[in-house]
Amino acid sequence: MLLIALLLVPFLAAAVLLVARPDGAARTIALLSSFITAALAILLWVRYPGNNVTLLDLAWMPSWGLRFTVGYDGTGLLFLLLTGLMFPFIIGAGRSEGADRPALVNALLLFTQSALFGVFMAQNAFLFYIFYELSLVPLFFLLLFWGSAVPGRLGSAKAVTMRFFIYTLLGGLALLFAIAYCVVQEPSHSADFNALHALRLPGDVQIWLFWALFLAFAVKLPIFPFHSWQPDTYTSAPLQGTMVLGGVLLKMGLFGILRFVLPIVPEGVEFWRSTVIWMALIGALYAGIIAFRQRDLKRLVAYSSLSHVGLLCAGLFAQNTYGISGSLYQAFAHAVLVVCMLYLVGAIQRRTGTTDLEAMGGLKHRAPRLAALFFLVMLNAVALPLTQSFVGEWLMFNGLWQRDGWMAFAAVTTIILGAIYMLYAYQRVMLGPENAKLPQAGDADQHDHLVLVPLIAVSLVLGVFPAPVLNLLDGSVQQMLSTFTALY
Amino acid sequence: MEGMMTAIRVIPLEHYIVLSFILFSIGMAGALFRRNTIIILMCLELMFNSVNLLLAAFSAHHSDPGGQVFVFFIMLVAAAEVTVGLAILVMMKRNVDSVDINQLNRLKW
Amino acid sequence: MQYLFYLFAAISVLSALLVVGARNPVNSVISLIVCFLSIAGHYILLNAQFLAMVHIIVYTGAIMVLFLFVIMLLNLNKSTEPSKTLLTRIAAVTAGALFLFTLLGALRQGVHIAAAKEFDGNTGLVKSVGQSLFSDFLLPFEVSSVLFLSAMIGAVMLGRKDRSPREDAPARPEPSERRTKKIPA
Amino acid sequence: MVNLPLHVALVPGLPLLGALVIAALRGKLKGNAAGLLATTMIGLSFVVSAILFLHYDKTGGANVVKFFDWIHIGGMDVPFALQIDSLSLTMMLIVTGVGTLIHLYSIGYMHDDKRVSTFFACLNLFTFAMLLLVMGANFVITFIGWEGVGLCSYLLIGFWYTKPAYNYAARKAFVMNRIGDVGFVLALALLFSRLGTLNYIEVFDRAGTLSVEMVTVVTLLLFVGAIGKSAQLPLFTWLPDAMAGPTPVSALIHAATMVTAGIFLLVRSSALFSLAPFTQDVVLWTGLITALLTASIGVFQNDIKKVLAYSTVSQLGLMFVALGLGAYSAAMFHVTTHAFFKALLFLGAGSVIHALGGEQDIRKMGGLKGVTKITYVTFLIGTLAIAGIPGFSGFFSKDAILMAAYQEHPMLYAATMAVSLLTCFYMFRLLFLTFFGGYRGKAHPHESPAVMTVPLMVLAVLSVAGGLLNLPHLFGGHEPMKHYLETAAEGITGEHNYLSASTEWMLMGITVGLILLTILLAYNRFVKKTTLDPEPEDLPMLSRLIARKWMVDELYAFLWERPYGWLSTQFHGILERKVMVPVMLGAGRWTQKAGKAARMLQNGNMSFYLFGMVVGIVVFLMITLYAG
Amino acid sequence: MSALILTSVLGVLLLYLGLFGQKKLLVPVGVLGLLAAIGLFVMDRSINVPMFAHMVSFDRAGWLFSCGMLVVTVLIFLFGADYYARQEENVAEQYALMIFSLTGALLLTSYTNLLMLFLGIEILSIPLYIMAGGKRDSMRSSEASFKYFLLGSFASAFLLMGIALIYGVAASFDLGVVKEVALRQLVQPDILFTLGCFFVAIGLSFKVAAAPFHFWSPDVYEGSPTLITAFMSTVVKMAAFIGLYRFVGITQMPPTLGKALLVMTIFTLMIGNIVALRQSHFKRLMAYSSIAHSGFLLMAVLSQAPNTAQVLFYYTFTYSLATVGLFILMTLAKRAANGDEHIRIFRGLFRAKPWLGVVMLLLMLSLAGIPLTAGFVAKYQIFLLAIGADLIKTTVFAVLMALVGIYYYAVVIREAFTPSEEAPALVVSPVNLLLISVCGISVVLFGLLPGYLQ
């Protein structure tokens, strides 16, 4: 019932917002809903018995393999938690003053949340897919209504939105095709993950089917070279939209790889592993290098996210305990990080009136507390030990090393690049001589504190005491790996 | 009349088929060839008739009256179609003041 | 007998070609009538008497007259039709020829259709056709009334003169003039 | 007695607490409160360290205190555990001891700064990180400290953040450290994948199971980490730039403690390094070249802190030479004495700067010995110590390294000797130009307050007496430090001294003689005539090259920084904007174009439609008839 | 069967009503009649025997399609109440023709004789030719009508040729016999039979607007009155597909013909989707979208699985619901924009009438095949069928084209949700609101509970 509540609470809240349009109380209602879901997610965690749980199984369209089956295991729970915990902050990041149609924004955000919960609790491939695609629709509108133009050809908000929509759907449809293929091959035409995981497709089929399955997630994450839609989208999207995109939505890609790619086409994974890992790592380096020369802070964050995500994907494909659990742990860290970074971008933009790094500088004089918060977030971004990111990256490096030393080398190199562009950004924004051109600059206010401090605290606490989350992952990942090995 | 009954036994069926195909093709090519819509309509009639001939030949070949009944129905339909077609043509001529097929291109792309 | 067949065949093919080739629409109509008559001749050769009669009455008598009527009504009985470009003509002929030769090529594989075991000379007689029509084909016969009814409605609806003269302009002007290309008068 | 976990926790815990409290109360602490609090914390930490030191029974091996499981998943178990053994105790004492003095000094030095609380918070945080580094019971904990000190160093170098050049220096330091960290992390990953553990005790126990190649790779990677942190070739350029930070920071972080982390790491892993002769050679040569190179640069520097900075790099190079030779105890000994006298020198320099109101150019100093007497005397002691005048601590530690070098090869001895002569030369140049002759500046020099001079005096005492810590047999000592460390660093156990006493005496004589000559030379040049170096442009060829720091910064800008910026620009401008994005847009645009073209098929002409249909029919007919 | 008679009589009845000037009664009587026909179908649902000397037989698929078409016609009739509100003449004739056309469609769902196939198509088509020219004084309308007529007759000629050739081999028009002959083909193929099947398939492909026999559809869709366009793109499409499905099912399709049709499918998918990208005229857009959907449906037809008919029905029915809803919406927007049919007329729809905006979104998403709408389930089923039939590459291509399709639907959605300078002054009658809502809700409902349409 908890799972259903997770699905329904944001959905109903969104429906209420959409129908009643209480612009004044919109943020409060949305926050309330997100707090409830966060509490529910935590409750779920508390009650987690330590193995795979299926909580509800309803026949929906059985002749086509569609059942409404929801449940979770350790990994699923991690993502549910992540979604539950991030949304209060994402919604809270919205400013009440001067907001344009807040009821609609919050409704769309909550719809996304509902769909995300659906994705992370689905135990049926088809159900997964439904939620997976569904999460795009509210984002489409978020981008369409509140997106801003980006420089370059076809940079209007409309064009960027369409690009985002189409390119993510490209992957989505590939996934649909792959699911359909698997369901047809499955003797009982079931789309349940258990059934699909037990499916043993011929090797040559797996080799091409791998791409059909992987493409969706490669675009979603995105992995080099499928990433071109991402920087523009992140830059164009309204802040909360980017937070959802980068913070939570792209985690669907990781989750998908975990649920689909690794178990369903193990031979395909074996065949393509180095290709994919290298793609991901090259992407991580590539984005890390590019990030350095970004003039726009938001775009810099976009590329940094791209770089991190490449690492996440590589870790996952290392397909050993450390790689997978590191990647998943880092997924959590990355969510926190992205939300923080983007919130900061917004906070800085509010104070300087721009996101152009060249036009900034010296904000620390006026806003020392903000600078301190930025700095703490940056620590997480450069994966300093005792922050959450370090634990994840450390595990991933080890996982990758067990695959191949050079992969680990490439992966570790990203920590240099990360330091270069993050410190650069910090310096450009905060440091330097006092800037007289900052009219409305004030220090971090209560709103800023309420959003950033808990998130930073989470990133530090989970950097020092990662055990709760690691324990959550340990069992599931081991179980998963034993299934993989059983497949060979 | 008895002597005529044997036509299908004397002439190979293939010849009917070939004749029918030739007529059909001429009608088809004619529809592409001409610009006058009325003539195109006539070409269509030619195509229908080639089918009629073929059906009649098959019917005789199989000694099955069904084929000839079918021809009868084709004639019915052809008559109805021509009626409608010519009515449309007249209406069009009134509106567009032309029966040239090349002039009918307001709807495109 | 064979000679008659080939004669009729030759006449029908030639007149069909004339239909396509004639400059004046009236000539086309007359060629088509000749063609239809030769086809009626084929029907007679096939001993399809009923069909031959109906064919002459419906096609030659009704349909072709209708065609002539329309040609006269619309004042098209002049060879004013601008001919198509040579390219189009060649393309049309090529397409037709290609189609024909493909079909004929297919026939070279041979047609092996067994004739009826017992040849029935009465097949095409009115009696036999009528029996078939009113027993097996009763439903189509009835249903075709719907067809005729719609055709009638259509003819009346579309062919009727406007209540208001056309010069008064349509009640609602054609709105979506998204293409400015004028229709030559 | 000693509650081990509590005491062990207190050592790094107190500075951390101090840092947190000061950071939290940043706005509310008035005057010297922050400084006093910070000093108290680290002082207490020193006391606790001393208690631990006194109660430590070195025969019992290492005491590991595990606090909690940090990263525990699958087969990986990285506990949050600290280790007490002779090596970590030594380092703890240095860090907290020298640290306390520098904290105390900072109270005076930073008195006027508005952000003094931030400064002390960072300083305390640094101490915490450094203590973690030295106390960690496994590589990962050490790595926490390793990164932590880097971070604090970044913060403190860029402490005066209004100057872009300082920020740049800070960034440079952090990034160069990060480059080293890559090696460190990779070494750890490799070690873990081979041994399944990263706890020091277990790793060193199982080190023998590794193949030579593997050990070589691991140690090389570890050494890359050490290069970054200890500013060796090719990653040394950040350290001179790091002098942008307040002087106490330079003293604590960039002279006494953090930069020796690399040495510490190598000593800590001596069990591994002893197994990898190739790596040892690499270490040796890296150290030697660095030492020579930077010592030569030091000769032409005019910034008082820069001279000391290059001197630090050079001394660190010497320590690496020792490590490369397997003389771990000598290296540690030099670490210790160096901590004393280099901290002293830096603080003295700080005192000078303080006295001159921020002036750092030695060409604008001179004649200060009359005004700032305590500073002068202590600075003189420091200079004598670093120059290796017999009796001072530097003499013993440097001598140990020279002996080890001679033992390897006389040429090596000559090279290290050259380093120490150069050191001697530029140090006396510094001393003479600063304190002798006439005053060449415009400020009004004054002696520093007691809170600054007291630490100077304490350090001066230590610089003199530090040699007693590891007094060689030759002078009747028993090398107590070496014996103390033996239990912690396996490499030390393997050290042997083959030299006869007479050889040692002879070498020592040569050394001392040459040093005295050098001092004389310096005296002639800088006291008698007070030769001031002109701007580098006006120097002769080689000197100009050296004065320009062997063009290393320019070389790096050419080799690395500019290419990186270029690469980033090109990646973005060409690969991303001209390839990736156009491909993405192109996929859509070409589809649209195809649509536009296909749309032309629908040209409204019915003949064409008919034609199209017929073509379709013919094509499909052919497929139907002939495909198959 | 009684339903078939009822519909024919209903048409005549409507004509009489028109004759006596009872314009107000037309829609109520028509709707009642159609509902009665549905009722009769529901009562007769278990009767599955060939009737009238093996001329028709309403099996499960035929029954489903018949009911579906009747339901859609009811919707269109209701829409007509508003659509024809301002038109004085020929209204009754239009309704009657629609009913007649529907009769033809019903024959197509149930034919068991090639003659009935031919007649069904003609009865379906001839009223359509007339209705397309319903706006007599509009040049576009008459052009549409003429194009439809001419191209349609041309296609009919091929259909007839095909029937003749099949007859030549089978000596009968009865599908039972044809099926036996088809089975014999496996052992002893006969070129005439293959040719016959080919020509019939071509004739039917014209009706389903498969490329390259699609040329009529954009022009006719654009030129015809919107109500007729709605009818054409829904009922006619359903009829054409069930007709094609039955034919293909019975003749088993010679394998080489299957190849040709596969090529046609790919071509259809491509033309439909790619050209639609460049369309800004809403009706033409819908026409190309309809072509594109034909491509998907052809895949289902080619897959020849036991449940193909059900999938076809689900697909076409839900597609019809969405299309009808969209055409109603377009009519409303068009009125507000003074008769413009460019997609920009939707601009500001969401601001002006949020509910209509949401419904439009749902309908468009359904056409695009985004989850939780019926269109998604439909497409998914098609993919399953096609993969089941081992049409992997075609499916991959179809997936790509579905993506292209999503783009142009999204463009329309984008228009509807982009605020405009002046909000369109939409006037929505209660009936239309109801219709639109029913369409919008039902595509979601059937998407959530697809079992109800199986």
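Lettering follows sequence order; numbering is per chain, from 1.
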Check the pair C:Tyr43 / C:Phe50 against ring-ring contact (aromatic ring centres under 6.0 Å, His included), numbers first and verdict last. CA-CA 9 Å; C:Tyr43 289 153; C:Phe50 172 70; over 10 Å; no
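- The candidate from B:Ala29, B:Ala57, B:Pro65, B:Ala56 with the greatest count of non-hydrogen atom pairs under 4.5 Å with chain C is B:Pro65.
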Given the rule in the side chain to side chain contact (heavy atoms under 4.5 Å, CB included) test, do C:Phe5 and B:Tyr16 qualify, once you have shown the distances and angles that lead to the verdict? CA-CA 9 Å; C:Phe5 170 80; B:Tyr16 278 102; 3.4 Å; yes
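- Most heavy-atom pairs under 4.5 Å with chain B, from the set C:Asp136, C:Val93, C:Leu51: that is C:Leu51.
- The candidate from B:Leu89, B:Leu13, B:Leu41 with the greatest count of non-hydrogen atom pairs under 4.5 Å with chain C is B:Leu41.
- Every ring-ring contact (aromatic ring centres under 6.0 Å, His included) that C:Phe134 has, sequence neighbours left out, goes to C:Phe141.
- The minimum heavy-atom distance between C:Ile71 and C:Pro25, with the atom names listed, is CD1-CB, 3.9 Å.
- Of the two parts of C:Met152, neither the backbone nor the side chain holds a non-hydrogen atom closer than 4.5 Å to a non-hydrogen atom of chain B.
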For C:Leu18 and C:Leu14, run side chain to side chain contact (heavy atoms under 4.5 Å, CB included): C-alpha distance rounded to whole Å, both residues' side-chain angles, the deciding distance at 0.1 Å, then the answer. CA-CA 6 Å; C:Leu18 266 178; C:Leu14 281 176; 6.0 Å; no
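- The greatest number of non-hydrogen atom pairs below 4.5 Å with chain C, out of B:Lys93, B:Gln68, B:Glu14, B:Met91, is found for B:Gln68.
- Counting heavy-atom pairs under 4.5 Å between each of B:Leu76, B:Val82, B:Val84, B:Thr83 and chain C puts B:Leu76 at the top.
- The backbone N or O of B:Phe33 lies less than 3.5 Å from no partner atom in the side chain of C:Arg89, so there is not a single donor-acceptor pair.
- Both the backbone and the side chain of C:Phe137 have a heavy atom closer than 4.5 Å to some heavy atom of chain B.
- Side-chain N or O atoms of B:Ser59 include one that pairs as donor or acceptor with a backbone N or O of B:Asp64 at under 3.5 Å.
- Heavy-atom distances place the side chain of B:Phe73, and not its backbone, under 4.5 Å from chain C.
- Using a 4.5 Å heavy-atom cutoff, the side chains of C:Tyr59 and B:Asn49 are in contact.
- Comparing C:Val58, C:Leu125, C:Val19, C:Leu66 by how many heavy-atom pairs each has under 4.5 Å with chain B, the most go to C:Leu66.
- When each of C:Pro140, C:Ser144, C:Ser128, C:Ala95 is checked for heavy-atom pairs under 4.5 Å with chain B, C:Pro140 comes out on top.
- Although no hydrogens or angles enter the test, the distance criterion places a donor-acceptor pair under 3.5 Å between the side chain of B:Ser20 and the main chain of B:Ser50.
- Below 30°, between 30° and 60°, or above 60°: for B:His62 and B:Phe58 the angle between ring planes is below 30°, a parallel geometry.
- With chain B as partner, the option from C:Ser132, C:Gly130, C:Cys35, C:Gly154 having the largest number of non-hydrogen pairs under 4.5 angstrom is C:Ser132.
- Of the atoms belonging to C:Leu133, heavy atoms from both backbone and side chain fall under 4.5 Å from chain B.
- Both the backbone and the side chain of C:Leu100 come within contact range of chain B, with heavy atoms under 4.5 Å apart.
- Proximity to chain B (any heavy atom under 4.5 Å) is shown, for C:Ala9, by both the backbone and the side chain.
- Heavy atoms of B:Phe70 lying under 4.5 Å from chain C are absent altogether.
- For B:Ile26, the parts sitting under 4.5 Å from any heavy atom of chain C are the backbone and the side chain alike.
- When atom types are taken as modelled, the side chain of C:His55 and the backbone of C:Ile39 share no donor-acceptor pair closer than 3.5 angstrom.
- For the options C:Leu17, C:Leu103, C:Val129, C:Leu73, heavy-atom pairs under 4.5 Å to chain B are most numerous at C:Leu103.
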I'd like to know whether B:His15 forms a ring-ring contact (aromatic ring centres under 6.0 Å, His included) with C:Tyr6, so could you lay out the CA-CA distance, the side-chain angles of the two residues, the decisive distance to 0.1 Å, and finally the verdict. CA-CA 9 Å; B:His15 289 205; C:Tyr6 291 117; 5.7 Å; yes
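- Contact tally against chain C (heavy-atom pairs below 4.5 Å) for B:Met28, B:Met92, B:Glu81: the top residue is B:Met28.
- The greatest number of non-hydrogen atom pairs below 4.5 Å with chain C, out of B:Leu86, B:Ile22, B:Val90, is found for B:Leu86.
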